[in-house]
Structure formats: C-alpha cells, structure tokens
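For the numbers below, each heavy atom of this structure counts, side chains included, while hydrogens, waters and symmetry mates do not.
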Amino acid sequence: MTAEEFRTQVRDWLASAPKPEELYDYGGTPQLTDVPAGRQWHRTLYEAGYACLHWPAEHGGRDASVAEQAIFAEEAARAGVPRQLNIVGPDLAGPVIMRHGTEAQRRRYLPPILRGDHLWCQLFSEPDAGSDLASLRTRARADVDDWIIDGQKVWTSAAGSADYGLLIARTGEDRYLGITAFVVDMTLPGIAVRPLRQLDGESKFSEVFFDKVRLAGDSVLGEVGQGWRVTTATLGQERLSLGAQAVGMFEALREVATAAREHGLLDPVLEDTITALWSRIWLLRATWLRAVGADTELSSSAFSVLKLVSSEVYRDLGDLATSALGTDALAAGHPLVHRMLVGRAQTILGGTSEIQRNILAERVLGLPR
Ligand SMILES: Cc1cc2nc3c(=O)[nH]c(=O)nc-3n(C[C@H](O)[C@H](O)[C@H](O)COP(=O)(O)OP(=O)(O)OC[C@H]3O[C@@H](n4cnc5c(N)ncnc54)[C@H](O)[C@@H]3O)c2cc1C
C-alpha cells in the first residue's frame with residue numbers, strides 16, 4: 001500500500017469510526033475527566049488495528065514505518081481525536097518493556113497497553129532534576145528480594161489516573177550507572193499523588209511522593225544500574241506528533257484572523273504577523289514530511305529542529321490571542337486565550353527549547369560546549 005493509499009484508508013476510517021460523545025483531541029495526556037472517553041476510543045482503535053501502530057506484529061502492532069505513523073498522527077489531528085489513550089504506555093513504556101523486559105513482564109504489561117486497559121505515566125523529573133535528569137535523587141534501596149523507594153517526582157503527566165508508572169531511581173552513587181528503571185503499580189501503599197493546577201485551569205500533571213514504597217524484585221526493568229540506558233534509548237517518540245500539530249495550527253491561525261476582524265483589530269501589522277506565522281507553519285509541515293518520508297530515526301537531531309520550531313510557533317500563535325481579541329482576552333474561557341496560556345508548556349516538555357538549541361549547536365553544528 002502506498003503512503004497516499006494508507007492516508008485515504010485512515011481518513012475514511014476516522015470519519016466513520018464510532019466516537020464517544022465527550023471525545024476531543026486532548027493531545028498526549030488526558031485530564032482525569034477525559035480518561036473514560038480516551039480508554040473507549042483506544043479500544044476502538046485497537047479493534048480496528050490502529051492501536052500501537054509502531055509495535056511489531058508479534059506484540060499486536062502493525063510494524064508501521066515512521067511515515068505511516070506520521071500520517072496517522074496527522075489524520076487523527078485533522079479528525080479532532082487523540083491518536084491513542086496517552087503517550088507514555090504505547091510510545092515509551094511499551095517499547096522499553098519489549099526491548100529490556102523479561103518474557104514475564106512482556107506478557108503481563110504489553111497486552112493491556114495495546115488494548116488501552118492500562119494507562120501509564122512517566123516518573124522521571126524531580127524538583128531538582130529536569131533538564132539535568134541524571135542528577136535525580138529518588139532512591140531505591142534493596143531489601144532482601146524487594147526494593148524500597150523514597151523520594152519525590154514532579155510534573156508527572158496523568159499520574160492521577162495512571163495504573164502503572166515507569167520510574168527511574170538511584171540505586172548507586174555513579175551519575176549514570178547508579179540509575180535503575182522500575183515498573184510501579186500506582187496503587188501501592190506509600191504513593192501519594194498531589195495534582196498540580198496549571199494557569200489554564202486544567203490539571204494534567206502532579207507531584208508524586210514515595211514514602212517507603214515496597215516494590216517486588218521483578219519490578220526492575222532491564223538490569224540494575226542500566227536505567228539510564230533503558231530510558232534514554234526510547235525517548236523521542238512524542239516527536240512523531242510534532243508536524244501533525246500543523247493541522248491544528250492552521251485552524252488556530254484562521255480563528256485568530258477571524259477574531260481580529262470581528263474586533264476591528266486586523267490592521268496591516270497584524271496581517272504581516274499572521275502571514276509570517278503561516279509561512280513558518282508550512283515550513284514546519286514540509287520539514288516534518290521530509291523527515292518522516294525519509295524514515296529518519298526519531299532520535300535524529302533533525303527532530304530537535306522540529307521540536308524547537310513547532311513549540312516556538314505554537315507559543316507565538318498563542319501570543320497572538322491578545323492582538324486578536326484586544327481587552328476581550330482578559331475574559332477567561334475563549335479558546336484563543338487557552339491556547340495562549342498553554343503555549344509555553346510546549347517549549348518546556350520533552351526537553352526545553354534551550355536544550356534543543358544546545359543539541360543542535362553541539363551535535364549538528366559542531367560548536368564547542
Ligand atoms: C506539560 C508538561 C508535561 C510534563 N510531563 C512530564 C512527565 O510526564 N514526566 C516527567 O518526568 N516530566 C514531565 N515534564 C517535565 C519536563 O520534562 C521538564 O519540565 C523539563 O525537562 C525541564 O526541566 P525543569 O522544569 O526542571 O527545568 P530546568 O531543567 O530547571 O530548566 C530551567 C531553565 O533553565 C534552562 N536550562 C537548563 N539547563 C540548561 C542548559 N544546559 N543550557 C541552557 N539552558 C538550560 C531550561 O531551558 C529552562 O529554561 C513535563 C513538563 C511539562 C511542561
């Protein structure tokens with residue numbers, strides 16, 4: 001099947017697939033209230049063979065190429081639906097378990113992720129370990145066959161609704177070799193999840209506290225001390241959706257122009273700004289299509305350019321809300337105002353813009369550190 005045939009097939013299916021009434025494109029992370037519709041939608045995707053497209057066929061996936069995954073992400077965005085329940089289970093935990101898990105772990109954890117029965121969260125960032133993740137301090141202490149976890153994570157997306165978490169914790173003093181990856185059942189005693197409310201009013205992430213949480217020995221993922229290798233190897237899957245965001249950005253740009261016209265604020269300066277953004281969105285989409293068309297590895301630096309450009313266009317688009325709405329931007333609830341408030345998050349999550357610039361400077365341009 002050619003890429004265009006695949007696109008047509010996906011578009012037709014998405015148009016006619018039964019969708020829960022409450023479903024909308026909530027992005028990579030559902031809020032607590034989005035989870036029931038998200039689970040139901042993921043089950044529909046699974047039954048039609050569109051869940052976990054990138055997984056190998058032996059684990060129920062479709063062995064989809066990067067290009068096919070990208071097409072699916074774009075068509076899902078066009079249809080206004082999420083491409084899966086959330087990012088962490090299918091894109092991060094699943095591939096990590098396939099590559100580093102035991103046979104028993106694969107049998108236990110993969111099928112419920114594929115069906116959308118289990119929602120996973122990523123327990124990496126800490127109050128003093130974000131960009132510099134290797135300085136994490138959450139500790140895992142061996143206790144006979146078990147492990148005892150103490151510490152704190154933060155910015156954990158979907159922690160409040162997650163069934164399982166992929167945790168990295170310190171098992172030794174070495175900066176990298178002292179890190180081990182674990183699977184955590186989020187209902188275990190000693191885990192406290194405290195939701196954080198964002199300035200847009202939503203609550204998509206939480207602080208997670210571990211107080212003497214006892215994990216069974218078979219919770220270790222990969223080898224003890226190999227946690228850094230285990231987790232960094234599969235980072236970057238969220239980058240698949242980067243270019244797909246262009247679909248929503250064009251739509252938002254139209255909303256900005258309409259709102260500005262309605263408010264009598266569409267002057268030549270704003271017109272110029274809108275046109276410049278329009279070109280940047282086209283460039284983003286074209287670069288993304290070129291990268292995925294060549295089946296470029298998602299870990300490639302090319303995707304750092306895309307991460308940087310897409311999040312900064314997203315932010316600048318949000319900032320136009322005030323130019324388009326005038327003082328009406330002060331009234332809460334307008335979708336453009338919401339876009340403005342969440343705009344910054346994109347330039348932080350999954351590696352900040354400064355970190356992307358460092359990567360490009362050092363690994364692509366060969367500049368000194
Ligand atoms: C919406 C959202 C969802 C998230 N979801 C999750 C999740 O599910 N799980 C999880 O573990 N984490 C999650 N995060 C956390 C995210 O990974 C971190 O916020 C990110 O890595 C940055 O870390 P930090 O917030 O500690 O900032 P810091 O690393 O403290 O950075 C602060 C500032 O310093 C700059 N800076 C830092 N180091 C350098 C450097 N070397 N050179 C130049 N500038 C630098 C940064 O760019 C930033 O501007 C999420 C974040 C957001 C915004």
Are [X] and [Y] joined in one hydrophobic group, where the rule is that I, L, V, M, F, W and Y side chains link up if heavy atoms are under 4.5 Å apart?
| X | Y | value |
| --- | --- | --- |
| Trp282 | Leu289 | yes |
| Val66 | Leu53 | no |
| Ile168 | Val154 | no |
| Met1 | Leu14 | yes |
| Phe209 | Phe205 | no |

Take a 6.0 Å sphere around [atom1] of [X] and say whether it holds more than 12 heavy atoms from other residues, nucleotides or ligands.
| X | atom1 | value |
| --- | --- | --- |
| Glu223 | CD | no |
| Asp145 | CG | no |
| Trp147 | CH2 | yes |

Tell me the closest heavy-atom pair linking [X] and [Y], and the distance in Å.
| X | Y | result |
| --- | --- | --- |
| Ser311 | Gln346 | CB-O, 3.2 Å |
| Leu32 | Gly160 | CD1-O, 3.8 Å |
| Gly89 | Ile113 | C-CG2, 3.4 Å |

Starting from the C-alpha separation in whole Å, work towards a yes-or-no answer on side chain to side chain contact (heavy atoms under 4.5 Å, CB included) for Phe182 and Leu221.
-> CA-CA 5 Å; Phe182 297 88; Leu221 203 47; over 6 Å; no

For residues [X] and [Y], is any side-chain donor paired with an opposing acceptor at under 3.5 Å?
| X | Y | result |
| --- | --- | --- |
| Gln226 | Arg229 | yes |
| Thr171 | Thr180 | yes |
| His263 | Asp328 | yes |
| Gln122 | Ser157 | no |
| Asn86 | Tyr26 | no |

Start with the C-alpha distance between Val208 and Phe210, add both sets of side-chain angles, then the distance that settles side chain to side chain contact (heavy atoms under 4.5 Å, CB included), and finish with yes or no.
-> CA-CA 7 Å; Val208 181; Phe210 294 86; 3.8 Å; yes

Salt-bridge test for [X] and [Y]: reply yes if a basic N is under 4.0 Å from a carboxylate O, no otherwise.
| X | Y | result |
| --- | --- | --- |
| Arg62 | Glu68 | no |
| Asp91 | Arg83 | yes |
| Arg280 | Asp316 | yes |
| Asp319 | Arg344 | yes |

Below 4.5 Å, heavy atoms only, C-beta onward: do Arg7 and Val10 meet side chain to side chain?
->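 No, side chains not in contact.
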
Are any of the side-chain heavy atoms of Asp143 and Ile148 separated by less than 4.5 Å?
->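 Answer yes - side chains close enough.
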
Run the numbers on Glu354 and Arg357 for salt bridge (charged side-chain N to carboxylate O under 4.0 Å, His left out), then give the verdict.
-> CA-CA 5 Å; Glu354 289 76 19; Arg357 286 197 167 87; 5.3 Å; no

Just do the salt bridge (charged side-chain N to carboxylate O under 4.0 Å, His left out) check on Asp150 and Arg139 with the steps written out, would you?
-> CA-CA 5 Å; Asp150 281 292; Arg139 193 156 277 284; over 6 Å; no

Rounded distance (nearest 0.5 Å) linking atom CE of Met186 with atom CG of Leu167 =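 Between Met186 CE and Leu167 CG, I get 9.0 Å after rounding to 0.5 Å.
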
Starting at CG of Leu284, measure out to CG of Leu277 and round the result to the nearest 0.5 Å.
->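 Output value for this atom pair is 11.0 Å.
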
Would you confirm whether Lys19, through its side chain, and Trp41, through its main-chain N or O, come within 3.5 Å as a donor-acceptor pair?
->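 Such a contact is absent between Lys19 side chain and Trp41 backbone.
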
Within the distance-only criterion (no hydrogens, no angle test), does the side chain of Glu22 pair as donor or acceptor with the backbone N or O of Ala37 below 3.5 angstrom?
->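 Judged by distance alone, no pair lies under 3.5 Å.
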
Would you call the rings of Trp13 and Tyr50 parallel, tilted or perpendicular if under 30° counts as parallel and over 60° as perpendicular?
->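 If you compare the ring of Trp13 with that of Tyr50, the planes turn out tilted.
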
Would you mind telling me which of Glu126, Arg175, Arg170 makes a side chain to side chain contact (heavy atoms under 4.5 Å, CB included) with Ser135?
->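 Exactly one option meets the side chain to side chain contact (heavy atoms under 4.5 Å, CB included) with Ser135, and it is Arg175.
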
Intermediate values then yes/no, side chain to side chain contact (heavy atoms under 4.5 Å, CB included), Leu360 and Leu365 | CA-CA 6 Å; Leu360 292 168; Leu365 302 176; 5.6 Å; no

Is it possible for you to check whether Arg339 lies under 6.0 Å from the centre of the six-membered ring of Tyr314, through NZ or CZ, and within 45° of that ring's axis?
->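 Checked: cation-pi criterion met.
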
Apply salt bridge (charged side-chain N to carboxylate O under 4.0 Å, His left out) to Asp117 and Arg43, showing your working.
-> CA-CA 8 Å; Asp117 294 343; Arg43 170 64 77 144; 3.4 Å; yes

